[in-house]
Protein chains: 2
Amino acid sequence: MSIQEKVPLRGTQGGTDAADRVADVLLLLMDSPGPVRVSGVAAELGIAKSVAHRVLRSLVSRNLAEQAPGSSGYLLGPAAVALGAKAMSRSKLENAAAPLLRELRDRTQETTLLTRPVAGGRVHVAQFESPHHVRMTVELGAFRPWHAGASGKILLAFAEPEFRERAIAQEAEVYDLGEEAIAALKRDLEHARERGYVTSSGERNPDAGAVAAPVFVRGVAIAAVSVCGPRSRFTPAHAERIAPMLLNVTQRLSARLS
Amino acid sequence: MSIQEKVPLRGTQGGTDAADRVADVLLLLMDSPGPVRVSGVAAELGIAKSVAHRVLRSLVSRNLAEQAPGSSGYLLGPAAVALGAKAMSRSKLENAAAPLLRELRDRTQETTLLTRPVAGGRVHVAQFESPHHVRMTVELGAFRPWHAGASGKILLAFAEPEFRERAIAQEAEVYDLGEEAIAALKRDLEHARERGYVTSSGERNPDAGAVAAPVFVRGVAIAAVSVCGPRSRFTPAHAERIAPMLLNVTQRLSARLS
DNA sequence: CACGTTGTTCCTTTCACCGGAACGACGGCT
DNA sequence: AGCCGTCGTTCCGGTGAAAGGAACAACGTG
């Protein structure tokens, strides 16, 4: 255990010493079984007590650390729990989805995507690319609106009704959607809810088509899985052929996560 | 979700802006469902891209963040998982122990302690104080050697034999223990292993007495629970009366943690 | 082609922050 | 009682670490 061992000096690639120190303090709190003193942090990291104190105060202000009750020693705080839970939860969803999406990619020979809802829209968080030279690819992490694209629509279709109404209203405003477009969107969402999947053709990208279905955890749609490709291969009829395979995957993933 | 919402400006009490920024980047990674871009971090926190990049590089150098495969976006890294697990594990042991130690305190009217092993000794990590005006209290987080005190002895008694031999040898050297003291210590430890608890009187503090027993998880002693008080009340006979209550608590805690 | 955005690197300037010092509190020892 | 050492916390001055603007190559879109 590391209380009595010096933390090895580690450089940084492109970071700063000050930021390194914050990370090191967090890791020290992690390595210590009980409350850590300001003087202990200072000694371990070879910094002044006042520096150690300041870093700890910043961590406390963000709930990443806290002072142990009845002590002036510091411990990891509630936000550290949330951080770990998030890091684990991200791994859990993507780890569970990866083999299934890879298999779906292999069977369809088209690009498969995992997409998650964020405020105001969605984000693609994983992709498995088609082996074809001409294929559809997306930029992971980039924000996308709800209304254009299969995965956006499927997430919206299976969202809470109140949330859905609000999202449609906001998106109408931000993207200047007319009455006809809104009505068409609502019909699409109704249709999606009946079938459990949605197809799109040329909406986000005029050269692309897609089919998407939701992943549920305890009845809540937490992600979408989609298959997409260039319009030349991804005809509406092709999308309908792919749908059962897709639903099979989303059902297995949903079961695995519950 | 917070990608589209500005992170609220939060001051710090005694910290620094630079350290706050590191914490804020971590929390932003936590709040984002997918990879976060340098430019996204910069926009959210209202800092320059180069600053955001540097903080992220520092976090990556400590495995608190990583770049998503096939993307230049950043995610929480493996050390964040460990951090959360540690924060949770600390909560788990102390959360499980708290009601039992409180109950033991209430029944004995003496101070109860939770103590954990660290390199070279032990650390008190939680205490529930006696309601008496004259009572025993300890400083949480302060390092203590093995050989002086009931909880140190109980942890040593139930440690791996190899570890125990090494610890005794080291402690003999550091604290200049003579042959007689070592022999007496070994007899104490043998006695402790036979009975499952250990009593002490006046060893760490000439005015105090204590009785301690180990907490096991999967056959490994991971902590000690002890009851301690002033010698005037905490006679050896009194310690023997407390021992069954203490063993009851450690057994329930061990069961709860397994 | 032009334009916009991106992540990453470089360089100048400056002020945020490091670290030493001070201080009150506490505990141990004589 | 006094003295000493250690502690966490706060203060303050000097300076160099770091913020931030700029540059740049890469990429995507029209």
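To find a chain, count down the sequence lines: A is the first, B the second, and so on, and within it residues start at 1. Computed over heavy atoms, backbone and side chain alike; hydrogens, waters and symmetry mates excluded.
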### Message
Assuming nearest nucleotide by heavy-atom distance, tell me which of A:Tyr74 and A:Ala18 is located more 5' along DNA chain D.
### Response
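So the residue in question is A:Tyr74.
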### Task
Take B:Val51 and A:His53, find for each the nucleotide of DNA chain D with the closest heavy atom, and name the residue whose nucleotide sits nearer the 5' end.
A:His53
Give the rounded distance in Å between these two atoms: [atom1] of [X] and [atom2] of [N].
| X | N | atom1 | atom2 | value |
| --- | --- | --- | --- | --- |
| B:Arg37 | C:dT8 | CZ | P | 11 Å |
| A:Gln67 | D:dC7 | CD | C1' | 13 Å |
| B:Ile47 | D:dG21 | CD1 | P | 12 Å |
| B:Asp17 | C:dT14 | CG | C1' | 15 Å |
| B:Arg21 | D:dG20 | CZ | C1' | 11 Å |
| B:Asp24 | D:dA19 | CG | C1' | 16 Å |

### Task
Please report the closest heavy-atom contact between B:Arg116 and B:Leu155, naming both atoms and the distance.
C-CD1, 4.1 Å
## Note on the structure
Shortest non-hydrogen pair, B:Ala167 vs B:Leu156, comes out as CB-CD1, 3.7 Å
### Task
Take A:Glu44 and A:Ser32 through the test side-chain contact (heavy atoms from CB on, under 4.5 Å) and record every step on the way to the result.
CA-CA 11 Å; A:Glu44 284 291 327; A:Ser32 311; over 6 Å; no
Report yes if some heavy atom in the side chain of [X] is under 4.5 Å from a heavy atom in the side chain of [Y]; otherwise report no.
| X | Y | result |
| --- | --- | --- |
| B:Leu27 | A:Leu64 | yes |
| A:Arg54 | A:Arg57 | no |
| A:Glu110 | A:Pro230 | yes |

### Five-pair end axes of the helix from C:dC1-D:dG30 to C:dT30-D:dA1 and the angle they enclose, rounded to 10°
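Result, rounded to 10 degrees: 30°.
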#### Entry: Out of D:dG20, D:dC7, C:dT6, whichever nucleotide has its closest atom nearest the side chain of A:Ser39
D:dC7
### Query
Of the nucleotides C:dG7, D:dA19, C:dG19, which one has an atom closest to the side chain of B:Val38?
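Within the option list, the nearest is C:dG7.
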### Task
May I ask you to say what A:Ser50 touches in the nucleic acid, namely base, sugar-phosphate or nothing, with a heavy-atom cut-off under 4.0 Å?
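Base contact.
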### base_contact_polar (C:dG7 base, B:Arg57 side chain, donor-acceptor, <3.5 Å)
no
#### Entry: Presence of donor-acceptor pair under 3.5 Å, side chain of B:Arg54 and base of D:dA19
yes
### Task
Check ring-ring contact (aromatic ring centres under 6.0 Å, His included) between B:Phe234 and all other residues, then give those that pass, not counting sequence neighbours.
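By the ring-ring contact (aromatic ring centres under 6.0 Å, His included) rule, B:Phe234 matches B:His238.
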### Message
Here's a test of your reading of the structure: between A:Val55 and B:Lys49, which maps to the more 5' nucleotide of DNA chain C?
### Response
B:Lys49
